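Remarks on the structure that follows.
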2 protein chains.
Amino acid sequence: MTDTSLSDAPSSPPARSTLASTVYWQLRDDLLHGALEPNSKVRVEWAVAHYGAGASPVREAMNRLASEGLLERHDQRGFFVMPVSADELMELTRTRCWLEEKALRESIANRTRRWEEEIVVALHWLSRTQRYLAAGQANPEWERLHRVFHGALIAACRSRWLIGFCEQLADQARRYRHIARAGGRSDRDELAEHRDIATKALEGDADGAVDALLRHYRLTSELSLQALRSREMPDARPRRNRGPA
Amino acid sequence: MTDTSLSDAPSSPPARSTLASTVYWQLRDDLLHGALEPNSKVRVEWAVAHYGAGASPVREAMNRLASEGLLERHDQRGFFVMPVSADELMELTRTRCWLEEKALRESIANRTRRWEEEIVVALHWLSRTQRYLAAGQANPEWERLHRVFHGALIAACRSRWLIGFCEQLADQARRYRHIARAGGRSDRDELAEHRDIATKALEGDADGAVDALLRHYRLTSELSLQALRSREMPDARPRRNRGPA
DNA sequence: CAAGCGAATACAATCGATATTTCGTCCCGA
DNA sequence: TCGGGACGAAATATCGATTGTATTCGCTTG
């Protein structure tokens, strides 16, 4: 089953990759994990040195990321890491809930045997994977499976556009999670939440599944929001143009 | 009020433009107007000659367009005009109706004086502009105002993400309209449709406005669909790799 | 003799180094 | 103190070199 997504946002790098794509995936990963300070400038020269590629591939990668909303592009002035703010996060979450609700309802309405299987399998692997690594760092494999699980839920919605949009918003949400360093091992039982969503979806209980899903997203958002606000407290001054570490 | 859109899809080129951006807007325009055969390969060399720029700017522009779903990018093999099909159009329309409905409902729920004014003004100019030029060609100014009008309707939805997604889908729909050469001066009274939508929206009649809006979109889609199918009839053979004119 | 496989060739995308343009800043003069 | 011009840093563009892919031609084999 080839994954030729309609809009350009597949979840994993292709096998045969061009150099520009390699840089794209690396930089994307760094952006999603909050490795670069929001609002800071990303100089081409820096990226060239950091990722070991020429200016052309780097520039291409940055253009793609700008189209996805991970970078800001100012003509003749270069690229900047997309800024974050509490307001933006609330707007993001709101939008995400709207779209995911629609996608999930459609998915349930058009459920197939195949769709059910994918959810069951995704939940299975998610349940058998550690949320955090020993060091308290997020487990990349869990992140991937988490993404797969949520993708499986809405896979039957019959709109690749909607799926693409949801993925894009999910990426943004992930970015906020990592930037805010939220989820520092709270008492939250994420697996139970996922199980709840899956169970209700598989039962065909659209209202229940949607309710569970949105509570799941809103809770995550709330935690990020709190962490974000406490991080923004220290200095109220907006700081711009701080180069990446 | 600056229009720094969140996702990268402003409706008009910026004043101070880089060469890559110039190519981007020109090529985008050509793609939206169906000037290039769907599924045909767009060679970098061709674009270089056609738009009078170097390979790097062209390549950048193409990467951006690929992210927006107007081009397909195959690593190491170049770019292709995104293919069209009846199925794709139906999927597109479906998604568009979902998102526009949500956006319009939210917009009406959060309506402001400013929002009302913008709609009234947009409708005014739209009503005073010719749909077609003398030659039966679509009037670019009307296209622009049409876009502005539909943008104004959902402008108060409090989600730049949703607005951006709607714009992206609107662009795709426009592309289908032009490719199918639909709307060949049918007996349709588009102005009345727009008036109807605006009136109901301004009255706060969400259900009525949504109904009118979706009928509007579905009708457009249906016309494109018919024209598309009649165009696909002549030769059932899928033809690939036909260079652009 | 036809079909299939393989290597060589041609074409096009990709890349890196260099040149050019632009923007921001600092300094000087009014 | 404010306006204008020059300097420097950085983005942008061009060009030539490289790499990768598709095609074609020729050979082998059934």
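What you see is a predicted model, and the numbers here were worked out from it, not measured in a lab. To find a chain, count down the sequence lines: A is the first, B the second, and so on, and within it residues start at 1.
- The side chain of Thr18(B) places no N or O atom within less than 4.0 Å of a non-bridging phosphate oxygen (OP1 or OP2) of dA11(D).
- Ring orientation note: the planes of His74(A) and Phe80(A) are nearly perpendicular, at an angle over 60° on the 30°/60° scale.
- Rounded to an integer number of Å, the gap from Glu45(A) CD to dA10(D) P is 6 Å.
- Formation of a donor-acceptor pair under 3.5 Å by the His33(A) side chain with backbone atoms of Asp29(A) is found in this model.
- More than 12 heavy-atom neighbours from other residues, nucleotides or ligands sit within 6.0 angstrom of CD on Glu141(B).
- Regarding Asn63(A), its CG atom lies at a distance of 13 Å from the P atom of dA11(D), rounded to whole Å.
- Residue Ala20(A) places its side chain closer to dC15(C) than to any other of dA10(D), dA13(D), dC15(C).
- If you measure from atom CZ of Phe79(B) to atom C1' of dA12(C), you get 13 Å, rounded to the nearest angstrom.
- Distance, Arg77(A) CZ to dA10(D) P: 14 Å, rounded to whole Å.
- For Tyr217(A), the side-chain hydrogen bond (donor to acceptor under 3.5 Å, both in side chains) partners two or more places apart in sequence, or in a different chain, are Glu100(A), His150(A).
- Listed by chain and residue number, Arg59(B), Asn63(B) satisfy the side-chain hydrogen bond (donor to acceptor under 3.5 Å, both in side chains) test with Glu60(A) (two or more places apart in sequence, or in another chain).
- When rounded to the nearest whole Å, the span between CZ of Arg73(B) and P of dA12(C) equals 20 Å.
- As a whole-Å value, the separation of Trp46(B) CH2 from dC11(C) P is 20 Å.
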N/O contacts under 3.5 Å, protein versus nucleotides 14-16 of chain D?
{"from": "dT14(D)", "atom 1": "OP2", "to": "Gly54(B)", "atom 2": "N", "distance (Å)": "2.6"}

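- In this structure, Glu60(B) places its CD atom 7 Å from P of dA13(D), rounding to the nearest Å.
- We find that CG of Asp75(B) is positioned 18 Å from P of dT19(D), with the value rounded to whole Å.
- Between the side chains of Arg64(A) and Ser21(A), at least one donor N or O sits under 3.5 Å from an acceptor N or O.
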